[in-house]
12 protein chains.
Amino acid sequence: MRTIAVIHGPNLNLLGSRNPDVYGSLTMEQINGKIDCRAKELKISARIRQFNSEGEIIDAIHSSAGCAGMVINPGAYTHYSIAIRDAIEAVQIPAVEVHLSNIHAREQFRSTSVIAPVCKGQISGLGWRGYLLALEYLAAAGDE
Amino acid sequence: MRTIAVIHGPNLNLLGSRNPDVYGSLTMEQINGKIDCRAKELKISARIRQFNSEGEIIDAIHSSAGCAGMVINPGAYTHYSIAIRDAIEAVQIPAVEVHLSNIHAREQFRSTSVIAPVCKGQISGLGWRGYLLALEYLAAAGDE
Amino acid sequence: MRTIAVIHGPNLNLLGSRNPDVYGSLTMEQINGKIDCRAKELKISARIRQFNSEGEIIDAIHSSAGCAGMVINPGAYTHYSIAIRDAIEAVQIPAVEVHLSNIHAREQFRSTSVIAPVCKGQISGLGWRGYLLALEYLAAAGDE
Amino acid sequence: MRTIAVIHGPNLNLLGSRNPDVYGSLTMEQINGKIDCRAKELKISARIRQFNSEGEIIDAIHSSAGCAGMVINPGAYTHYSIAIRDAIEAVQIPAVEVHLSNIHAREQFRSTSVIAPVCKGQISGLGWRGYLLALEYLAAAGDE
Amino acid sequence: MRTIAVIHGPNLNLLGSRNPDVYGSLTMEQINGKIDCRAKELKISARIRQFNSEGEIIDAIHSSAGCAGMVINPGAYTHYSIAIRDAIEAVQIPAVEVHLSNIHAREQFRSTSVIAPVCKGQISGLGWRGYLLALEYLAAAGDE
Amino acid sequence: MRTIAVIHGPNLNLLGSRNPDVYGSLTMEQINGKIDCRAKELKISARIRQFNSEGEIIDAIHSSAGCAGMVINPGAYTHYSIAIRDAIEAVQIPAVEVHLSNIHAREQFRSTSVIAPVCKGQISGLGWRGYLLALEYLAAAGDE
Amino acid sequence: MRTIAVIHGPNLNLLGSRNPDVYGSLTMEQINGKIDCRAKELKISARIRQFNSEGEIIDAIHSSAGCAGMVINPGAYTHYSIAIRDAIEAVQIPAVEVHLSNIHAREQFRSTSVIAPVCKGQISGLGWRGYLLALEYLAAAGDE
Amino acid sequence: MRTIAVIHGPNLNLLGSRNPDVYGSLTMEQINGKIDCRAKELKISARIRQFNSEGEIIDAIHSSAGCAGMVINPGAYTHYSIAIRDAIEAVQIPAVEVHLSNIHAREQFRSTSVIAPVCKGQISGLGWRGYLLALEYLAAAGDE
Amino acid sequence: MRTIAVIHGPNLNLLGSRNPDVYGSLTMEQINGKIDCRAKELKISARIRQFNSEGEIIDAIHSSAGCAGMVINPGAYTHYSIAIRDAIEAVQIPAVEVHLSNIHAREQFRSTSVIAPVCKGQISGLGWRGYLLALEYLAAAGDE
Amino acid sequence: MRTIAVIHGPNLNLLGSRNPDVYGSLTMEQINGKIDCRAKELKISARIRQFNSEGEIIDAIHSSAGCAGMVINPGAYTHYSIAIRDAIEAVQIPAVEVHLSNIHAREQFRSTSVIAPVCKGQISGLGWRGYLLALEYLAAAGDE
Amino acid sequence: MRTIAVIHGPNLNLLGSRNPDVYGSLTMEQINGKIDCRAKELKISARIRQFNSEGEIIDAIHSSAGCAGMVINPGAYTHYSIAIRDAIEAVQIPAVEVHLSNIHAREQFRSTSVIAPVCKGQISGLGWRGYLLALEYLAAAGDE
Amino acid sequence: MRTIAVIHGPNLNLLGSRNPDVYGSLTMEQINGKIDCRAKELKISARIRQFNSEGEIIDAIHSSAGCAGMVINPGAYTHYSIAIRDAIEAVQIPAVEVHLSNIHAREQFRSTSVIAPVCKGQISGLGWRGYLLALEYLAAAGDE
């Protein structure tokens, strides 16, 4: 069974209580439950982790080198962590960047992703469903 | 049965022959076939149209006012058509912006969308599957 | 009797329903009624048209070459249509640019008009009354 | 009878002799005569003043707090006086910014107004008639 | 006999009357006559069309896919129509961008072409002769 | 007894009525009462003045040359008055810049102070308490 | 007794030896002593911590969610850590940003804080006294 | 005898004590003495005034309309007072802008003059001698 | 017989060996042969020179003052040599700027020409044929 | 024997497998072997460490305070970690910044180093040899 | 007798014929005559040279190391020749930059001098008299 | 024996006397002596030249086409000479750019090199030792 790494970035552990108008009312655990559930339907395994530290995210990406793909929500690091960008590029597995909120409809600085250029693609603004769609894409694309 | 408007922007009628490395090898008709197919599975109706003219795209958006949602690939207009942006904002139905290629990994000017801020969200870089994922999102979100 | 061309740009056909806080609650037809009414008072004829297409607006400007003046609300094209700018400059009749909303109090990109430099002047933020004031100016200035 | 404050900014006391191609050949006194005349027709009272000093303009705005509206031509202060902007915002009466010349057709730095965002709207390029149109707007809008 | 598509962009139908100091005193018909004449000398066929609408220009480019080359004066669209750029890139025939006036000697915004990067080259400032030189280039280059 | 100059800039005379959400509900007189009160506790004398005119603020700074320190809220002049900056630098007494509102959380142009570089420091966003804290700092630092 | 979290960012553990002209000659321990001392006077408890790692600062902010307020000197992270900004915004307790040196009087890049917009306010340039003033503000504001 | 207006801008009344390394050790009165002296040699009359207020400088410029020329050191207003610029342009007498210090060798913002474009020329960095050279120029140029 | 000056800028002496994909495989001598040949057909004389030094190019332009026109490929100087620009403007003969490669399709800095604004026009991207077309233009335009 | 600290930044643990065209085919261990070898020749000791975390790099720099010098390849942190910059400045030992690849020949954002201004110098693009050259410099400069 | 070096930059050999509205109608020889004449009055010797080549100007500056001062009109090199700037800084004699025309009243790119920061000062817009005033300044300042 | 070209750019002939704090106290001849010495150790020949003229540097680069490598210190030309950049790219031998001072720690404009992108790498800030390290690199890399 193929494994897809799912990596949540900084502050996502506060989901549910943090600004529900922007990020939705589900907790990270509830979203993870939905991810696991969809993974089962897709007959893949999801390895889900959350980190506040940039360095730990880089480590986690390195340790995903053998996975069939990666779903990553880099949170605020999206906008400046070239180190995370380089890590994704280095491991050479297909990655999809996911954002719960529509980063193009918020502060100007949130509309730029330094990470997207090394990913397969980006899904933003579709809430927790974005994670499921990314999983679905990676599962399907991997089948070809 | 709810209808989702699917609007392809300029030059997408050339899909298949145009730069297959970037846009994939399927023709627009083949992609439309897949969209119709997925729509059936989702028990919705997809109203698919393609236009090269900005004005006709605006008309098409206006005429989608009664739909349950809209999937729009504005093509090159993504980067400057504030008129299309205003049209989407005016009709007040949930819209998802889709791009076949990863617009964040190409020329600098392609990474800015003047349209995304008025959409629910954006999917880019996931090829023709992006359309299906957008449909799926709109169908599911509409069910809540 | 002198004729003044009145040209409404993209999305103005949706007036009344679109974002009434910004654009007011009158429909385009109601505004046109007020324009016709004021034109009569001023003893001029108003030739009123609306287009969503940039190309049709250019055609309409060309066909206004014989008019005594032009009132134009270029809508979103205000911010990028150098083609409309060139058309106005080419026909060489006095033009007044009108905006219902105060374009200087909204998103940054709306505060720039590529069209204003070739017009006689600009009126923004005064709602539908802006059209009547523009008519009045053109009628009076033409009398000198 | 309602009062409308009319405030002329710096250098407007030189009207008539200063650069007539840009600003017209009427003196400030002649323009004030026309303003008074139109005010009478509109059955309002115009309180007209001119200042070269930014501080005095701020004082004048504060002292207009009880007026039904304000017509202000901030002259060169348009482009940098955030202090005048704040004064207008603070007094909370409807204001219309007026410019004799088309500020969008001159040096680049003249096309930006730091004041317009707190006004109801802006009229530029319509010469001394701009003042009359602004008065007319404030009188009519106040009648609603 | 090989065919070269010649496409005139917006407002070029007004040539002769529009700003003769900048664009010359020949009408579009007179220039077309000279193009036809030179085409005959070069033993090629010129298919000449003019459009004000961006969408129609895109259609015209698509319909030129079988031609031996294209001469295009995109007019004001030069500066922002990424959609026209994409159309030219998609049809993959050699294109030469032509401008009557020297776009590098006018307003700052006219010196940038979003279209030139996908053309073979650009000729600007050489008046109607620019069209003939472009034809000549395409005819000669096609002979190699 | 040492004297600290306290200078309020433009529009601060309107405190209490102006935008209470941003600037608080106390009037300038009430704030001045609190400043006097704290000055007594600190055994210093506060010389408090308010001006709308940039020139008068410069004069007031010059006349503070003999004071032990200065607390200055330059209001909107914060963002462009290099003349006030030069005046503060010239008198060479320690100055603290105070803002009632958080200037870093408002319009972009308010986050830049041309005056802060010549002050000892800046306190912003802490309401009327900011004045008291600045007094306290100057009193304590002067004791060393 | 209410608790105020005090968080020192990167390199502040070197205080005293690092660039004393800019940062003062007290060590971090000496400053912490003064903070504790003032906290006692204010009848609050100060929970003081220092971290070089961005991730640990985020963790520390999360763990301060129950505090009555937060005093944070984000050090160099001030200028780019949107992740710390998001953490502060998420915990929703009043925070004051403190800088020992006057960040507006140093290199250009130090004058921008990405964190200040989500804080109550900012104190910079007042040395170690800035911490005490911030404590005092939070204690007093919390009493209202 | 022809009169040359000499206008000193803000903070120049502090000359001698203010930053002597940058501005020299002469007081304004001493410099004025040298100006008067040179004026006598040149057989012209110098009308010397100093103002801290932008508005008073504008008034002074207006009142210089009959002079044979103007020497102006706008001090910090050099960098933003478009109102002073407009005043100089309006009075239409030859003006020379003078700076004691080399404004091109200091902070970046001091190297731009919004006033120089409407003057005959600019002398900077030559200390108090700059005033004498400007006088000399105006006297000589007026003799032609 | 009229003479046209042809000036090749820096590094063009290496043509043929330098980056043939960009600049073509002909040597400068071969191109000069084609220029001479076409000049004969056009019954004009071509005075062809190449220089690596900016100063020598300026001298060469000065010495072309009596020519009927100039064809100049300023090479890399195109992007920064205002001195060459001024030389061309000073000699007042019609000049055409030629580039072998399409400067608009390469590094961003190559798309700006500081020289084009003082030329009649610019031809870029048409290889060595660009020189012939420029000659042809100058010969024809000179005949009028 | 003097010690030189050698610090590898994020993702350098992947050397050898990551993008060998850019970074070379040696693993980090192999490079470290060469560093040790050269250190022995230079009669110094190299203390080599690698970290993905910004915070750990700061700690490592602090702990290098007693070393004779530092060789640091900050990887992607080069471009934004002002915190690492401040750490290097604080420890006050000579540091040389090393990059395997030529950072000036890649994406635009890689050509800026926020760290270089506090280092002695920078070596980029010379592959693993850059480390040896940096060691050699520090050893030789330390001998003076 | 002290010597002052006078260096004219590129294209100044064309004075008199080149654009007399901007640069005046005197030839360089006539201006040099006036310079010599004034030098005699000032009892100094002027060593006057003109060069079109940047390298020769650098050589000339180096060879002026023993002079009492330098008057330099760097012509177009003013705006980009950092090499000339470095040469002036290196020879460490007082230099005055002179421009015939008012460089602040022409194209935007002419208002920036990369050379002025290393000169004593700058005189622009005062025609050939600017050279005499610069000589006079250097003679007088050298007498102190 | 392989030859390495060593090219010193403008003003480097003044080394030793020019700003020793920045550039060191050795003369160019002394540095050349050290280069020759190291070259002998490395069993290569160094061909050392210095030029102030951009054109002569280009000639020198062309004449180095047969060398095994090039060490170039382009001095101030580093920041704008695209012509030198093109020359280096054209000769296709490995080049190393060397700067005596740390160009990243000086004026902002010195931190950009237009030449580095076409070199193998860059060494800056390591004084005259930088030349030796560059030689060493080229000798070693050439041995592989």
Side-chain angles (χ1 to χ4, degrees), chain A residues 22-26 34 38 41-42 69 71-74 78-79 85 88-89 94-144, chain B residues 22-26 34 38 41-42 69 71-74 78-79 85 88-89 94-144:
Chain A
V22 174
Y23 298 104
S25 56
L26 296 194
K34 288 178 183 286
R38 175 66 54 103
E41 290 168 24
L42 295 166
V71 176
I72 183 162
N73 178 343
T78 302
H79 314 304
R85 171 198 178 116
I88 294 174
E89 193 180 36
V96 177
E97 183 184 323
V98 170
H99 295 283
L100 292 161
S101 67
N102 181 351
I103 60 175
H104 306 294
R106 302 175 63 193
E107 300 99 326
Q108 178 63 37
F109 65 78
R110 290 201 203 269
S111 70
T112 299
S113 168
V114 302
I115 288 167
V118 299
C119 291
K120 209 71 186 161
Q122 186 195 56
I123 298 175
S124 80
L126 306 187
W128 54 267
R129 283 192 178 89
Y131 288 100
L132 308 195
L133 300 174
L135 266 196
E136 193 173 320
Y137 169 77
L138 288 167
D143 283 342
E144 280 176 358
Chain B
V22 175
Y23 298 105
S25 57
L26 297 193
K34 286 176 184 287
R38 175 66 53 101
E41 290 168 24
L42 296 166
V71 177
I72 182 162
N73 179 343
T78 302
H79 314 304
R85 171 197 177 116
I88 294 175
E89 192 180 37
V96 178
E97 183 183 322
V98 170
H99 295 282
L100 292 161
S101 67
N102 180 352
I103 60 174
H104 307 294
R106 301 175 64 193
E107 301 99 327
Q108 177 65 37
F109 64 78
R110 291 202 202 266
S111 69
T112 300
S113 168
V114 302
I115 288 167
V118 299
C119 291
K120 209 68 186 163
Q122 186 194 57
I123 298 174
S124 79
L126 306 187
W128 53 267
R129 284 192 176 89
Y131 288 100
L132 307 195
L133 299 174
L135 266 196
E136 194 173 318
Y137 168 77
L138 287 167
D143 283 342
E144 282 175 359

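Here is the naming used below: chain letters follow the sequence lines, and residue numbers restart at 1 for every chain. Given the structure is predicted, the values throughout are model-derived calculations rather than measurements.
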**Prompt:** Taking side chain as C-beta onward, heavy atoms only, is A/Leu133 less than 4.5 Å from B/Leu126?
**Reply:**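 Not touching, per the 4.5 Å side-chain cut-off.
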Just so I understand: if I count every heavy-atom pair under 4.5 Å between each of [options] and chain A, which residue has the most?
| options | result |
| --- | --- |
| B/Gly130, B/Ala116, B/Ser113, B/Ser101 | B/Ala116 |
| B/Gly127, B/Ala134, B/Gly121 | B/Gly121 |
| B/Ser124, B/Ser111, B/Gly125 | B/Ser124 |

**Request:** List the atom of A/Ala105, the atom of B/Pro117, and the distance in Å for their closest heavy-atom pair.
**Result:**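 That closest heavy-atom pairing would be CB-O, 3.6 Å.
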**Message:** Strictly distance-based, threshold 3.5 Å: is any side-chain N or O of B/Asn102 a donor or acceptor partner for the main-chain N or O of A/Cys119?
**Reply:**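 Indeed, once roles are kept as given, a pair shorter than 3.5 Å links the two residues.
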**Request:** Give, as side chain, backbone, both or neither, the part of A/Val96 having an atom under 4.5 angstrom from any heavy atom of chain B.
**Result:**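 Contact with chain B is through the side chain of A/Val96 alone.
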**Asked** Non-hydrogen atoms of chain A under 4.5 Å away: do they reach the side chain of B/Gln122, the backbone, both or neither?
**Response**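 For B/Gln122, the contact with chain A is made by backbone and side chain together.
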**Message:** Return the CZ to CD distance between A/Arg129 and B/Glu136, rounded to the nearest 0.5 Å.
**Reply:**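 Spacing of CZ (A/Arg129) from CD (B/Glu136) equals 9.5 Å.
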